Amino acid sequence: MPKTLFDKLWEQHVVEPETEEAPAVLYIDLHLIHEVTSPQAFTVLKERGLNVRRPDLTIGTLDHSTPTLPPDQNGKLPYISAQAEKQVHTLIENCAAHDVELFGLDDPRRGIVHVIGPELGLTQPGKTIVCGDSHTSTHGAFGALAFGIGTTEVGHVLATQCVLQRKPKTMRIQFDGVLPKGSSAKDMALAFIAHIGADGGQGYAIEFAGEAVRTLSMEGRMTLCNMSIEAGARSGMVAPDETTFSWLRGRDYAPNDNDWEAAVADWRSLCTDDGAVFDSEVQIDVSDLRPMITFGVSPDAAISVDSPMPMGEDEAARLANEYMQFEGGQPFTTARVDRVFIGSCTNSRLSDLREAANIMRGRRVRDGVTALVVPGSEAVRKAAEAENLHEIFLAAGAQWRLPGCSMCIGMNGDQGQPGELVISTSNRNFKGRQGKGVRTVLASPATAAASAVAGHIADPRQFMDQEV
Amino acid sequence: MSFEPFAVITSNTIVLAQNNIDTDQIIPARFLTTTSKDGLGKSVFYDWRYDAQGNLRPDSVLDAVPAQTHKILVAGANFGCGSSREHAPWALSDFGFRVVISSDIADIFKSNALKNGLLPVEIDDATHAALLATPGQQVTVDLETQTVVYGENQQASFTVEPFARRCLLDGVDPLGHLLNQMDNIQQYESARP
């Protein structure tokens, strides 16, 4: 019987199949941990006298509570609070106590968990990957089954290398056509979320397919899979292909040259068979996809940037307009921007920074706009600096920060002020997500950079056609 | 945090009718630097309950009635969407809630809630609408029979994933269940390349 990619990944990892009475016991190949959702799990281990069963399959990094500003003269990092610092040190201690490899504060491999997994080659086709973080779906870009779990489940995986899971339904989202210049994977992500709704993917494992997905870079595929959870789906995946294999080759944790051909041969079988049936199918044509932005307080409230602001037909839309201070019928270019954030596990990779730099090159961030560019990892920072992207950002008047989650979640103090309008390349426009009373507009790196330069929400295409 | 076995809860409701109440609303990220599960109840829905000076808003729906008599939260569709933070059910439980009712509850939140003695109940749209329309009413949620009784003996049924239901009713420990599978897990590992 023809199988979907998801079916294959699932079947390969079932230790005990699900029954009416109990969920399946699913084996986990890679467990990524960070400081925010792991301390209480380690406490449970301690209380029950358990050890980390497979420290070799567990990797820690520091990203959420870590400052993105450099240490002071005494080498002290500017933590938002003593509690944040304690949380960071708790992970350092827990990893040391349990022999878990941690990419700590001074480690050149440190970065946002969903950036470093792929860039180190830890993320590979065919793996099951979990992390106490909903954007774990990112790793599905490599043809892995990757999903976010809660802290109790982090404890389960630490202790047993398994999770209890009911098999989700399957959904295929087919992107047809050729993506026009000026539009990116972020715009595809916002388009599909708007199409199926913030809960449209709930209970499903999504596979992204079609010509427009095949032609995406790995970074683009990661952006797309990253936002699966914003439609309620815990996992999103793309079948691996030559793009995947060539991206992975030579990375630290990827199979070495001796094992490479065998690994690739295995990975090639990870695709949906012809005739396999999905529980749900969605088709989206991207031929006319224009740069997208969000206009409300849920990621499915997305529209193309050159549309007028929606009128607020129902109560929810009216309240969203009220919160966002958007007036129905007006162009988005009338919305003055206070702050721009380029970063997060959605859009902080080298290609994202290049996309933003291409627009900022030779231009200035508008007076009164604060722009933060936060690379996703130390490796991204180094690579960006090697090609002088940081000089472009700094010359434009933007800030070039140290890697971390930063303003996506605002836990480390990188936040907006009440009432500010923030154009953000992150993944959530929830009320107050980026600081109390902050109004968040989600967009691609190009749209964010264009808005920083224009001082209002801007269509990046107008900056792409003119050289400075 | 230990929880009492769940059987039948009869309590009054608090209604938050908005759709898509995300986990950043339930517990804002700035409260996540904790390394404990305890004490998050005071920060639940913080930005809805407190003004910029940190004073309780007089119109706070969650503080208008005693938590001891209002243990059932009725919320709009897609409740708990967003992040995987288990701090959300920890905070709701610590505040005093035992049940969350909606037409549609986000997956990770649902899974997290079930592991913390907070029962997520997904019910049909008509019942949902009726519960949203009458805040404060007394509702009985019976996990054994998987029924909700409200109003003048109106009844609706719901289903909870059977294993999670047994865990809540009988105090079965999911980690213990996994640890009991250790032979199978080792066998699986040794059979892999």
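Note that the structure is predicted; figures quoted are calculated from it, not measured. Chain A is the first sequence line, chain B the second, and so forth, proteins listed ahead of strands; every chain is numbered from 1.
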Out of Ile185(B), Leu178(B), Asn184(B), which residue meets the side chain to side chain contact (heavy atoms under 4.5 Å, CB included) rule with Glu16(A)?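 One option only clears the test, and that one is Asn184(B).
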In terms of side-chain geometry, is the basic nitrogen of Arg166(B) or Glu21(A) positioned less than 4.0 Å from the acidic oxygen of its partner?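 Not counted as a salt bridge, because no side-chain N and carboxylate O are separated by less than 4.0 Å.
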Is it true that Arg53(A) and Glu189(B) make a salt bridge, defined as a side-chain N closer than 4.0 Å to a carboxylate O?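 Glu189(B) and Arg53(A): salt-bridged.
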Of the listed residues ([options]), which shares the most heavy-atom pairs with chain B below a 4.5 Å separation?
options                                    : answer
Glu153(A), His156(A), Gln202(A), Met411(A) : Gln202(A)
Glu35(A), Gln12(A), Glu85(A)               : Gln12(A)
Leu164(A), Ile409(A), Thr136(A)            : Leu164(A)
Glu20(A), His13(A), Gln415(A)              : His13(A)
Val88(A), Val36(A), Ile80(A), Val44(A)     : Val36(A)

Taking side chain as everything from C-beta outward and backbone as N, CA, C, O, which of these in [X] sits under 4.5 Å from a heavy atom of chain A? Side chain, backbone, both or neither.
X         : result
Phe163(B) : both
Ile21(B)  : neither
Arg192(B) : side chain
Ser111(B) : side chain
Ala88(B)  : neither
Pro28(B)  : neither
Gln187(B) : neither
Phe109(B) : neither

Test item: side-chain donor near acceptor, Thr151(A) and Glu86(B), under 3.5 Å: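 On atom types as modelled, these side chains do not qualify, holding no pair under 3.5 Å.
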Is Lys167(A) atom NZ crowded by more than 12 heavy atoms from other residues, nucleotides or ligands, each under 6.0 Å away?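 Buried by this count: over 12 neighbours within 6.0 Å.
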side-chain contact (heavy atoms from CB on, under 4.5 Å) between Leu50(A) and Leu179(B), intermediate numbers included: CA-CA 10 Å; Leu50(A) 296 164; Leu179(B) 290 167; 4.1 Å; yes
Pair Thr23(B), Arg428(A) - check side-chain contact (heavy atoms from CB on, under 4.5 Å), show working. CA-CA 11 Å; Thr23(B) 50; Arg428(A) 290 188 174 135; 5.5 Å; no
Compare every heavy atom of [Y] with every heavy atom of [X], then report the nearest pair and how far apart it is.
X         : Y         : value
Arg48(A)  : Asp173(B) : NH2-OD2, 2.5 Å
Ser134(A) : Ser84(B)  : N-OG, 3.4 Å
Pro39(A)  : Thr34(B)  : CG-O, 4.3 Å
Asn20(B)  : Ala198(A) : OD1-CB, 4.1 Å

I need the [X] [atom1] to [Y] [atom2] distance, nearest 0.5 Å.
X         : Y         : atom1 : atom2 : value
Lys436(A) : Asp47(B)  : NZ    : CG    : 4.5 Å
Asn180(B) : Thr160(A) : CG    : OG1   : 11.0 Å
Ser298(A) : Asp22(B)  : OG    : CG    : 8.0 Å
Asp133(A) : Ser83(B)  : CG    : OG    : 7.5 Å
Leu175(B) : Cys162(A) : CG    : SG    : 11.5 Å

Is it the backbone or the side chain of Asp29(A) that comes under 4.5 Å from a heavy atom of chain B, or both, or neither?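 Just the side chain, heavy atoms under 4.5 Å.
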Check each atom of Thr90(A) against the heavy atoms of chain B and say whether the ones under 4.5 Å are side chain, backbone, both or neither.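 The answer is the side chain of Thr90(A).
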Looking only at heavy atoms and a cut-off of under 4.5 Å, which of [options] has the most pairs with chain A?
options                                   : value
Ala77(B), Ala191(B), Pro162(B), Ala164(B) : Pro162(B)
Thr35(B), Asn112(B), Asp104(B)            : Thr35(B)
Gln25(B), Glu161(B), Arg30(B), Met182(B)  : Glu161(B)

Mind running side-chain contact (heavy atoms from CB on, under 4.5 Å) on Leu32(B) and Thr37(A) for me, showing each step along the way? CA-CA 8 Å; Leu32(B) 306 188; Thr37(A) 56; over 6 Å; no
Determine yes or no for a side-chain-to-main-chain donor-acceptor pair under 3.5 angstrom, with Asp107(B) supplying the side chain and Gly203(A) the backbone.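 It does hold such a pair.
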Is there a salt bridge (charged side-chain N to carboxylate O under 4.0 Å, His left out) between Asp24(B) and Arg433(A) once you walk through the steps? CA-CA 6 Å; Asp24(B) 278 271; Arg433(A) 167 97 174 169; 2.9 Å; yes
